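Notes to accompany the following structure.
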Amino acid sequence: MAKPSVPNPGPVCVPCRLIAIGAAVLVLAGGFAYTAGWLTPARLTAPRFINTFEAVAGQPHPGYRRNHAKGLCIEGYFDSNGDGAALSSAAVFAPGRTPVTGRFAVPGGNPSAPDTSSPVRSLALLFQLQNGEQWRTGMNSTPVFAVHTPEQFYQQLVAAKPDPTTGKPDPAKLKAFYAANPETQPFQAWVKAHPPSSSLANAAYYSINAFRFTDGTGNTHAVRWAMVPETPYAPITDAEKAEKNFLEADLDQRLQNGPLRWHLILTVAKPGDPTNDATLQWPDDRQQVDAGTLVIDHTTSQANGTCRDVNFDPTILPAGIKPSDDPLLAARSAAYALSYKRRTREEALHPAVHQAQTNGDHS
Ligand code: HEM
């Protein structure tokens, strides 16, 4: 049988190959350096965000989230009533039950901060869909965010850095930030008009950012969601204000009497409603769909619970839900990933970090 003819590659140019390899290494190294922000120190990168969160926290808290550091893990499930399927083909909206792992937290980088350190509470959830997909969401107890661009959020953090002489943020710097950024007013007005809730159980939690839902016929809808509690809202009491860690104790006590419930309310935008500005609410008359009930039945410590090693990246979504054009979403995804990387590395390298969390877990 005749041998197939192989084209002659010609003489090998060794220096050419070395130059090509060198060039490829340089391109890769350049890519890493660019991504890390070394070539463009003014560019807003995840390391700049996370380093600034660490600076605002004042001292290192190895193993903890760089924001919303104080928290606790929760377990439960979501009972879908099927009504959400009119807006999204995501399997989580078919009638039936989806297990949920989550986390309640308060904002800030200090895991030992008093519960009153922020008027905001947060609820993060991971829905584990039957088909293997996940829906992760991080929600806050305010319907709007203070700022609408990552750059503004970064500037707000810089303004909140502790003054080296007092160890506390300089109120003048924060005042100047708010004066220069009037977009922060709806958030401030909302917080002023709504005293923090007396419990994690009686707060509503909002996606704040908009998302794009695609229904079974291929139509898309801009949607924001909220978990609205069945437990009636009550404002924080004076006795609670004096307690450093009342939120977890209150939650545990309530759960002894049975599970806690929230309704997943989907709000649909009308054309023209802003999807890229988390500082602006949509008008009250927008269509709302109650898609089912979130049931939380027990808590675990954040040192050992299933939420510990979860990154509640809000862009991890099932088919049928996509991020909107809100610029905060991509910045959140990048910052959460780096926070996750640093804290899980600290846990892995220093088992004592984990032990310290277990002993001194203030969640
Ligand atoms: C550019 C804007 C934002 C940045 C840079 C940012 C940054 C962070 C970081 C670094 C964490 C810790 C993540 C981890 O280690 O797992 C975090 C947690 C969190 N953030 Fe944001 N955030 C932003 C906007 C928002 C918005 C708009 C919301 C509300 C919808 C939000 C809600 C949360 C919640 C609920 C958590 C806690 C998640 C958990 O319990 O694990 N964040 N954020």
Side-chain angles (χ1 to χ4, degrees), residues 44-57 61-74 100-111 118 120-126 136-158 160 183-184 186-187 190 200 203-211 224-227 247 275-281 299-300 302 305-316 323-324 326-347 357 363:
L44 184 50
T45 56
R48 284 185 78 206
F49 250 127
I50 297 302
N51 294 345
T52 312
F53 274 114
E54 290 174 356
V56 172
H61 299 288
Y64 285 95
R65 283 162 168 84
R66 275 18 183 196
N67 194 14
H68 298 245
K70 184 179 190 181
L72 66 141
C73 297
I74 50 176
V100 167
T101 287
R103 185 169 176 270
F104 281 116
V106 289
N110 178 0
S118 164
V120 177
R121 292 108 176 61
S122 70
L123 171 61
L125 298 172
L126 182 161
R136 302 192 196 181
T137 174
M139 298 166 284
N140 282 351
S141 58
T142 56
V144 284
F145 203 53
V147 294
H148 69 106
T149 65
E151 289 73 17
Q152 272 182 323
F153 190 53
Y154 175 75
Q155 292 308 333
Q156 188 185 11
L157 276 178
V158 170
E183 300 89 336
T184 54
F187 173 84
W190 196 92
L200 294 166
Y205 299 91
Y206 304 86
S207 72
I208 304 180
N209 301 124
F211 290 80
R224 284 170 167 164
W225 58 79
M227 286 291 178
L247 285 173
T275 54
N276 62 354
D277 190 338
T279 65
L280 299 177
Q281 272 184 283
T299 67
T300 50
Q302 73 166 338
T306 39
C307 78
R308 188 191 75 182
D309 294 340
V310 176
N311 167 5
F312 290 97
D313 176 341
T315 63
I316 297 182
S324 67
D326 186 330
L328 292 180
L329 283 167
R332 289 179 71 183
S333 181
Y336 293 21
L338 186 59
S339 171
Y340 175 84
K341 194 175 143 197
R342 288 194 186 169
R343 63 188 169 85
T344 50
R345 187 169 187 272
E346 287 153 0
E347 273 168 12
Q357 279 196 25
S363 55

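Order of listing sets the numbers, starting from 1, for every ligand and every atom in it. Remember, predicted model here, so these are calculated numbers, not experimental data.
Nearest approach of Gly63 to Glu347, heavy atoms of both residues: O-OE2, 3.6 Å. Pairing each heavy atom of Met227 with each of Leu125, the nearest pair is CE-CD1, 3.8 Å.
Set against the non-hydrogen atoms of Ala124, the atoms of ligand 1 under 4.0 Å away are 38 (C), 39 (C), 40 (O). Residue-ligand proximity, Phe312 to ligand 1, at heavy-atom distances under 4.0 Å covers atoms 39 (C), 41 (O). For ligand 1, the atoms closer than 4.0 angstrom to any heavy atom of Ile208 are 29 (C), 30 (C). Near Ile50, meaning under 4.0 Å from one of its heavy atoms, ligand 1 places the atoms 10 (C). Close approach of ligand 1 to Met139 is summarised as follows: ligand atoms under 4.0 Å from at least one heavy atom of the residue are 35 (C).
Between Phe53 and Phe49, the ring-plane angle classifies as parallel under the 30° and 60° cut-offs. Note on ring orientation: taking the six-membered ring where Trp is involved, the planes of Phe153 and Phe145 are tilted (angle from 30° to 60°).
If you take CE on Met139 and CZ on Phe312, they are separated by 9.5 Å, rounding to the nearest 0.5 Å. The distance from the CG atom of Leu126 to the CZ atom of Arg103 is 13.5 Å, given to the nearest 0.5 Å.
With Asn140 contributing its side chain and Thr142 its backbone, the two residues share no donor-acceptor pair below 3.5 Å. Under a 3.5 Å cut-off, the side chain of Gln152 and the backbone N or O of Ala146 do not form any donor-acceptor pair. Using modelled atom types, one side-chain atom of Arg343 and one backbone atom of Arg308 make a donor-acceptor pair closer than 3.5 Å. With hydrogens and angles disregarded, no donor-acceptor distance shorter than 3.5 Å links the side chain of Ser207 to the backbone of Arg224. Ser339 places no side-chain N or O within donor-acceptor distance of the main-chain N or O of Ala335, the cut-off being under 3.5 Å. Checked by atom type and distance alone, the side chain of Thr275 never pairs as donor or acceptor with a backbone atom of Ala210 at under 3.5 Å.
Counting only protein atoms, the N, O or S atoms lying less than 2.8 Å from atom 21 (Fe) of ligand 1 are Tyr336 OH, ordered by chain and residue number.
Checking only distances, Asn311 never comes within under 3.5 Å of ligand 1, N or O to N or O. Among the atoms of Asn209, none of the N or O lies under 3.5 angstrom from an N or O of ligand 1.
Residue-level proximity to ligand 1 for Ser207 is carried by the backbone, the only part with a heavy atom below 4.0 angstrom. Counting heavy atoms closer than 4.0 Å to ligand 1, residue Phe53 contributes side-chain atoms (C-beta onward) but none from N, CA, C or O. Residue Leu338 does not touch ligand 1, judged by heavy-atom distances below 4.0 Å. Within the 4.0 Å heavy-atom criterion, the part of Arg343 lying near ligand 1 is the side chain and not the backbone.
Among all non-hydrogen protein atoms, the one lying nearest atom 15 (O) of ligand 1 is Ser339 OG, 2.5 Å. For atom 41 (O) of ligand 1, the nearest protein heavy atom (residue, atom name, distance) is Arg65 NE, 2.5 Å. For atom 2 (C) of ligand 1, the closest heavy atom belonging to the protein is Phe153 CD2, 3.5 Å. Residue, atom and distance of the protein heavy atom nearest to atom 39 (C) of ligand 1 are Arg103 NH1, 3.0 Å.
For Arg332, there are no salt bridge (Lys or Arg N to Asp or Glu O under 4.0 Å) partners, not counting sequence neighbours.
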